[in-house]
Amino acid sequence: MISPSYCTTMARYNAWQNGQLRAAFAVLSAADWAQERGAFFGSIRATASHLLWGDTIWMSRFDGGDAPAGGIADSGAMVSTVSEWSLARGLLDARIARWAEGLRPEDLDGPLTWYSGAVRAQVTQPLALCVAHMFNHQTHHRGQIHAMLTAAGSTAPVSDLAFMPAAPG
């Protein structure tokens, strides 16, 4: 289904996108960052926070590291400020990249079992499907953020994977 190369590419895409969001968020007022905009999680802040939470919970399942506190209902409040988000996002993006760079093809085989608070049950799915879901989930919510930035009068970043700068080296 997917390969280590796919994972490193998507980890790089994730970091590139979040770097662009970091720049876009830096020029937003605190009011624009927190304003209710009718998106699923409401504001740019809550959507960015939820995405940080979601990536952290998936990575805890993939690499055995720390999981975030709370559940999905609390995920929109994981961070309050742009600087808090930026620091946590940078650390998490580095974690995702390290994990992806260490993958071997066989690491993506087999099932992943976890307790899902969303469905309140133990779930087992193919690990590769779960990894693809994490990267798809990132793109989905960044698309919502893109729309909210545009609605706020900001210039939203380029988000097309095909236009990602080449890897250094």
Side-chain angles (χ1 to χ4, degrees), residues 1-25 40-41 44 46-76 78-79 82-146 156-169:
M1 174 179 205
I2 62 172
S3 67
S5 176
Y6 168 84
C7 294
T8 57
T9 297
M10 294 306 292
R12 201 165 59 78
Y13 174 67
N14 171 64
W16 172 57
Q17 288 297 286
N18 289 327
Q20 290 188 92
L21 289 181
R22 193 173 286 109
F25 293 171
F40 188 83
F41 286 96
I44 294 169
T47 303
S49 185
H50 166 74
L51 186 49
L52 181 70
W53 182 91
D55 286 353
T56 304
I57 195 78
W58 280 111
M59 285 307 300
S60 74
R61 295 167 183 156
F62 301 155
D63 70 5
D66 291 338
I72 292 174
D74 309 308
S75 67
M78 188 171 176
V79 296
V82 170
S83 58
E84 187 181 6
W85 175 85
S86 185
L87 176 62
R89 188 73 253 183
L91 292 170
L92 183 55
D93 290 349
R95 177 179 171 185
I96 294 169
R98 280 190 309 275
W99 167 79
E101 289 163 4
L103 287 173
R104 301 164 301 164
E106 59 269 22
D107 295 331
L108 295 167
D109 290 338
L112 176 68
T113 300
W114 74 97
Y115 179 82
S116 169
V119 298
R120 299 188 191 319
Q122 186 167 313
V123 177
T124 300
Q125 291 288 341
L127 174 60
L129 177 74
C130 295
V131 172
H133 167 76
M134 180 186 74
F135 291 123
N136 185 64
H137 182 256
Q138 293 168 347
T139 302
H140 164 71
H141 284 301
R142 278 194 304 261
Q144 292 174 331
I145 292 168
H146 190 281
V158 173
S159 60
D160 296 325
L161 178 60
F163 299 119
M164 179 173 60

How would you list, by chain and number, every residue that makes a side chain to side chain donor-acceptor pair (under 3.5 Å) with [X], sequence neighbours excluded?
{"X": "His133", "result": "none"}
{"X": "Asp107", "result": "Arg104"}
{"X": "Ser75", "result": "His50"}

With sequence neighbours left out, what residues match Trp85 under ring pair (Phe, Tyr, Trp, His ring centres under 6.0 Å)?
->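 Trp85: ring pair (Phe, Tyr, Trp, His ring centres under 6.0 Å) contacts with Phe25.
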Flag side-chain contact, heavy atom, 4.5 Å: Met134 against His137 |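 Counting from C-beta outward, Met134 and His137 never come under 4.5 Å.
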Should Met78 and Pro68 count as side-chain neighbours, where that means a heavy-atom distance under 4.5 Å?
->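 Side-chain contact under 4.5 Å: yes.
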Show the atom names and distances, to 0.1 Å, of all donor-acceptor pairs under 3.5 Å that link a side chain in residues 6-13 to residues at least two apart or in another chain.
unit_1	atom_1	unit_2	atom_2	d
Thr8	OG1	Pro4	O	3.4
Thr8	OG1	Ser5	O	3.0
Thr9	OG1	Ser5	O	3.0
Arg12	NH1	Pro165	O	2.7
Tyr13	OH	Ser159	O	2.4

What pairs of residues pass the side-chain hydrogen bond (donor to acceptor under 3.5 Å, both in side chains) test when at least one of them lies in residues 114-128, not counting sequence neighbours?
->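 Found Thr113-Thr124.
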Listed partners of [X] passing side-chain contact (heavy atoms from CB on, under 4.5 Å), at least two apart:
{"X": "Leu87", "result": "Leu91"}
{"X": "Ala46", "result": "Phe41, Ser43"}
{"X": "Ala156", "result": "His146, Leu149, Thr150"}
{"X": "Gln20", "result": "Trp16, Gln17, Pro157, Val158"}

Where at least one partner belongs to residues 53-70, residue pairs that pass salt bridge (Lys or Arg N to Asp or Glu O under 4.0 Å), sequence neighbours excluded =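 The answer is Asp55-Arg89, Asp63-Arg95.
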Can you name the salt bridge (charged side-chain N to carboxylate O under 4.0 Å, His left out) partners of Asp74, sequence neighbours left out?
->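 If we apply the salt bridge (charged side-chain N to carboxylate O under 4.0 Å, His left out) test to Asp74, skipping adjacent residues, there are no hits.
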